[in-house]
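To start, the structure under review is shown below, and the notes come after it.
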Amino acid sequence: GAVVSQHPSRVICKSGTSVKIECRSLDFQATTMFWYRQFPKKSLMLMATSNEGSKATYEQGVEKDKFLINHASLTLSTLTVTSAHPEDSSFYICSAGDGIHYGYTFGSGTRLTVV
Amino acid sequence: RKEVEQDPGPFNVPEGATVAFNCTYSNSASQSFFWYRQDCRKEPKLLMSVYSSGNEDGRFTAQLNRASQYISLLIRDSKLSDSATYLCVVNLSGGSYIPTFGRGTSLIVHP
């Protein structure tokens, strides 16, 4: 079945530093990847939609200069949290799909803690 | 009104019980629907797609009611391992494959 690999699974960083999260589709080509954020006991919130070869589309309220998304190939998308602050601490998950018939495959998530 | 709404629960049921969740969606143009399961601090995993004719997978049955704009998930003979949060996902049509999640319904199955 479709597999999406996401890493790191857990990262702790200092305020003001940047963190890069990678998401790879291992056995299929994902022209679109989605990036979500989930705070404790809250629902998954879509941050941005990443399309290979073009600029990402950000949801309202998500700062594109803070959350840099790069989708350089059909199998790799990255999310960089720049100048991280404690309020950015959250669970970040990527998701990719190859068609509506298969649902969406999620990465295993990255738990970011900014201290 | 939110695009996708679910009762957050929790639903507390004994083992062996039958439990059902509903999920309403606001956009009548929605074309595809899914149920996901999310365990605590884990990523969501696809449980089943929801087809217009309804579909069944073992103890799980999913149905779609387009007229009333909701989907349902029925779990029969609940197991302790069914305890999790169940997320419904609705997808718009027209090439805009952007999944929208409900906030999830928490299920706790107790002995």
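So you know, we letter chains A, B, ... as the sequences are listed, proteins then strands, and number each from 1.
- Heavy atoms closer than 4.5 Å to chain B are found in both the backbone and the side chain of L44(A).
- Residues E56(B) and R76(B) are paired through a salt bridge, judged by an N-O separation under 4.0 Å between the basic side chain and the carboxylate.
- The ring-ring contact (aromatic ring centres under 6.0 Å, His included) test applied to F11(B) returns F21(B), not counting sequence neighbours.
- When heavy atoms are compared at a cutoff of 4.5 Å, T49(A) approaches chain B solely by way of its side chain, counted from C-beta outward.
- A cation-pi arrangement is found for R111(A) relative to F91(A), the charged atom lying closer than 6.0 Å to the ring centre and inside a 45° cone about the ring normal.
- Interface remark: Q6(B) contributes no atoms to any contact with chain A (heavy atom separation under 4.5 Å).
- Proximity to chain B is absent for every atom of Q6(A), based on heavy atoms less than 4.5 angstrom apart.
- Here Y36(B) and Y36(A) keep their ring centres 6.0 angstrom or further from each other.
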